[in-house]
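Reviewing the structure listed below.
A note on names: the letters A, B, ... follow the listed sequences, proteins ahead of strands, and every chain is numbered from 1. What you see below is based on every heavy atom in this structure, not just the backbone, and it leaves out hydrogens, waters and symmetry mates.
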Amino acid sequence: MREWADFSTEEAEGRTTVKVEGPLLVSTIGHLDPGLRALDQPVHFIDISNASPIDTVGAWVIYRFATDQNADITGASEQAEILIDAVERSASSADIEPPRLPIVPRVLETTGGKVFEFAGGMLNNLSFMGAILVAMAATIRHPGRLRVRALVRQMELVGVTSLPIIGLMSFLIGIVIAQQGAVQLQQFGAETLTVNLVGRITLRELGVLMTAIMVAGRSGSAFAAQIGTMKLTEEIDAMRTIGVSPVEALVLPRIFASILMMPLLGFYSACIGIIGGAVIGDVMLGIPFLTFLARIQEVVPLHDLYVGLAKAPVFGLIIAISGCYQGMQVKGNAEEVGLRTTKAVVEAIFMVIVLDAFFAVFFTEIGWG
Amino acid sequence: MSASDLHFDGEFPIVIEGLTNAFGDFVVHDEIDLKVRRGEILGVVGGSGTGKSVLMRSIIGLQIPRCGSIEVFGQDIVAAEPDEVIGVRNRWGVLFQGGALFSTLTVGENVQVPLKQFYPELEPVLLDEIARYKTVMTGLPAEAASKYPSELSGGMKKRAGLARALALDPELLFLDEPTAGLDPIGAANFDELTRELTDTLGLTVFLITHDLDTLYAICDRVAVLADKKVIGVGTIPELLQSDHPWIQEYFNGPRARAAVASRDRGNRAKGMDKHSDREA
């Protein structure tokens, strides 16, 4: 049970004395301070001879009360005097929160800030693209400068290590499409068309799209967080000082790795999706597994595969650029790394879906419908 | 100041006995004993990798030792349940090497974090006032209270970290290399601040340092870590009696002589030698 500091008032000859009792410590002061603040009569003396021990918070409460009331402190022990003196020297009225404008100017300021941020972001984006192009040109001119080890490492991280999760996801998606498709097609007695449905949709759309979303979530976020943290710990600055271009050393390997791995992962995802569909075909529709696979060859036009494979590297490029760009924009604190990482993933997925819609129209128009 | 003003009346707020720390096969501390006296500034020195920080982390419960006992304010830290340690936890303050300020909070809000955690009954208006005076007390300008850590210089971050360490008015203060990375003037100011606060607030300070100036200027006693042991504890003249090669090299090296010279100069300049009884 804690012993709380308390006070009582006494009047003598028209003068009010506040007697404070009990330990004046940060742990016991909680109820005393509101009580003293609520006191609405003038106080002339504050007697703290019965208040002990005391710490700086206790000293502050007494000091503030005495200053507000213009009262005298009596009965202070040596220690209390030292502490009251110390807090008096440290008194200040500065804000502890960053300055905040009233609502109307604040909305205006925030809006203006966002506009400038947007414009600045566009410029930054352009200059980042420029830096990538310059670095690419340099790499093409001097192929020896390509960081093969970093590239292979990133290919492993983006591609190889994501095989299990992408495989599982694609398998399940293949199952869902085949099962749901079969239920609908059975109403027309056209359940054999499930093969067309699964084959075309996975090779043309879903294989690559779902892979892109998974890679954005797995690798795009990792790019942003890694590069962002390196930015915070001044590793990027150290690289620049040594004469190593961060774009060449960090960004290019990630971009190339994503561009190279995305088509492979997309194709792999489509294959596993088809296997998932074939399993459902075998179980639900009575189409033998191998027959299902053989039918795929007959019903899926080759250009569906090309459509899927053509989109994949573009998606990889978008994901890597978005991740690396946001990572490079990190400054300040750890919270920023989180914000930028979120932004990288959200932007990458959004751009991927927008581009996918564009590709869908484009390929249909050129007759690869 | 009188002893009765301190909550802890024993002579040794920290008692370490037979402490062994090891990471895998690598033994950092081999059955070390150390006692910290109430009201003193104990400097802890030792070469890099001798486990100064590990020792501090063991005392504040961040590192579980392999064996041995550590008592803080008479409470065993190693064997205790987490609930039992809470009563001790709010009686110490820790300044980590990098400051370890919460980067999403302003300096003032950083100071309020431990207060809100341990004493939820404190009113916001009092919390704000406490944050303000603690900020100024550690030598920061008053306006720094509303700044974020990323807006502060290295020296200011250390002071802000100290303000947070002092938030609960602890009796025991742990400082991990407080002057590392500060310019000599900033370091000297920080030393002075430490000494001043220790005297005013009646603190006991466990101070890890590499800085010879700090040792000579403000430490009452010095503990030397080497060979997995505490090879000596005492005032600097007492330690100089030891013939351990590391101690001799450390306190008789060129940098040590420079530190002595600078302290003597400083004392002459002040015209009074406040701590001579402590050091000479």
Side-chain angles (χ1 to χ4, degrees), chain A residues 2 4 23-38 51-61 63-65 67-68 77-100 232-233 330-339, chain B residues 1-2 4-7 87 90-91 101-112 114-115 118-151 163 166-171 196-197 199-202:
Chain A
R2 259 193 276 175
W4 297 98
L24 282 176
L25 300 173
V26 60
S27 51
T28 59
I29 206 96
H31 300 318
L32 173 71
D33 186 59
L36 289 179
R37 277 178 212 273
S52 166
I54 185 168
D55 67 7
T56 65
V57 177
W60 170 265
V61 168
Y63 163 77
R64 186 209 52 84
F65 183 59
T67 322
D68 283 3
S77 64
E78 191 191 346
Q79 171 71 355
E81 266 174 21
I82 294 174
L83 291 181
I84 289 172
D85 192 41
V87 294
E88 184 174 6
R89 273 181 280 129
S90 305
S92 100
S93 55
D95 288 327
I96 67 151
E97 275 162 22
R100 228 171 122 96
L232 282 189
T233 54
V330 167
K331 48 183 171 292
N333 55 35
E335 193 181 22
E336 179 100 341
V337 178
L339 285 177
Chain B
M1 54 177 291
S2 66
S4 64
D5 292 324
L6 293 165
H7 325 207
N90 57 14
R91 289 165 64 186
L101 292 165
F102 303 123
S103 57
T104 53
L105 303 178
T106 63
V107 172
E109 288 164 342
N110 262 288
V111 174
Q112 291 178 346
L115 289 164
F118 284 106
Y119 306 115
E121 74 274 5
L122 295 179
E123 301 281 331
V125 52
L126 180 61
L127 282 174
D128 287 359
E129 288 172 359
I130 296 176
R132 279 186 209 119
Y133 87 74
K134 297 266 182 193
T135 310
V136 178
M137 197 174 257
T138 48
L140 287 168
E143 311 80 63
S146 61
K147 292 219 165 79
Y148 286 98
S150 56
E151 299 171 291
L166 290 174
L168 297 174
D169 270 89
E171 296 154 61
E196 210 178 283
L197 289 173
D199 292 344
T200 318
L201 310 180

* To do: Pick one of side chain, backbone, both or neither for B/Val107, based on which atoms fall under 4.5 Å of a heavy atom in chain A.
  => neither
* Relative to chain B, which of A/Arg37, A/Arg89, A/His31 shows the most heavy atom pairs under 4.5 Å? -> A/Arg37
* Structure fact -> If one checks every heavy atom of B/Glu123 against chain A at 4.5 Å, the contacting part turns out to be side chain
* Take B/Leu122 and A/Val26 through the test side-chain contact (heavy atoms from CB on, under 4.5 Å) and record every step on the way to the result. => CA-CA 9 Å; B/Leu122 295 179; A/Val26 60; 4.2 Å; yes
* To do: Flag the one option from B/Leu105, B/Leu197, B/Thr138, B/Val125 with the top tally of heavy-atom pairs under 4.5 Å to chain A.
  => B/Val125
* To do: State the CG-CG distance between A/Asp55 and B/Leu201, to the nearest 0.5 angstrom.
  => 9.0 Å
* If you round to the nearest 0.5 Å, how far is CD1 of B/Ile130 from OG of A/Ser90? -> 13.0 Å
* Heavy-atom contact with chain A under 4.5 Å, split by part of B/Lys134 -> side chain
* Apply side-chain contact (heavy atoms from CB on, under 4.5 Å) to A/Trp60 and B/Leu126, showing your working. => CA-CA 9 Å; A/Trp60 170 265; B/Leu126 180 61; 3.9 Å; yes
* Structure fact -> The residue among A/Leu83, A/Ile54, A/Leu25, A/Val57 that forms side-chain contact (heavy atoms from CB on, under 4.5 Å) with B/Asp169 is A/Val57
* To do: Could you check which of A/Ala334, A/Ala59, A/Pro34 has the highest count of heavy-atom pairs closer than 4.5 Å to chain B?
  => A/Pro34
* Side chain / backbone / both / neither for B/Leu166 at chain A, heavy atoms under 4.5 Å -> neither
* Asked: In terms of heavy-atom pairs under 4.5 Å, which option from A/Glu336, A/Lys331, A/Glu335 contacts chain B the most?
  -> A/Glu335
* Structure fact -> Counting heavy-atom pairs under 4.5 angstrom with chain A, the leader among B/Gly108, B/Ala167, B/Ser103 is B/Ser103
* To do: Could you tell me which of B/Met137, B/Glu129, B/Lys147, B/Glu143 has the largest number of non-hydrogen atom pairs under 4.5 Å with chain A?
  => B/Glu129
* Asked: What part of B/Ser146 lies closer than 4.5 angstrom to a heavy atom of chain A: side chain, backbone, both or neither?
  -> both
* **Segment of B/Glu151 engaging chain A (4.5 angstrom heavy-atom cut-off)** => neither
* Sort out for me which of B/Gly139, B/Ala144, B/Ala145 touches chain A most, counting heavy-atom pairs under 4.5 Å. => B/Ala145
* Counting only N and O atoms by type, is there a donor-acceptor contact under 3.5 Å from the side chain of B/Tyr133 to the main-chain atoms of A/Ala86? -> no
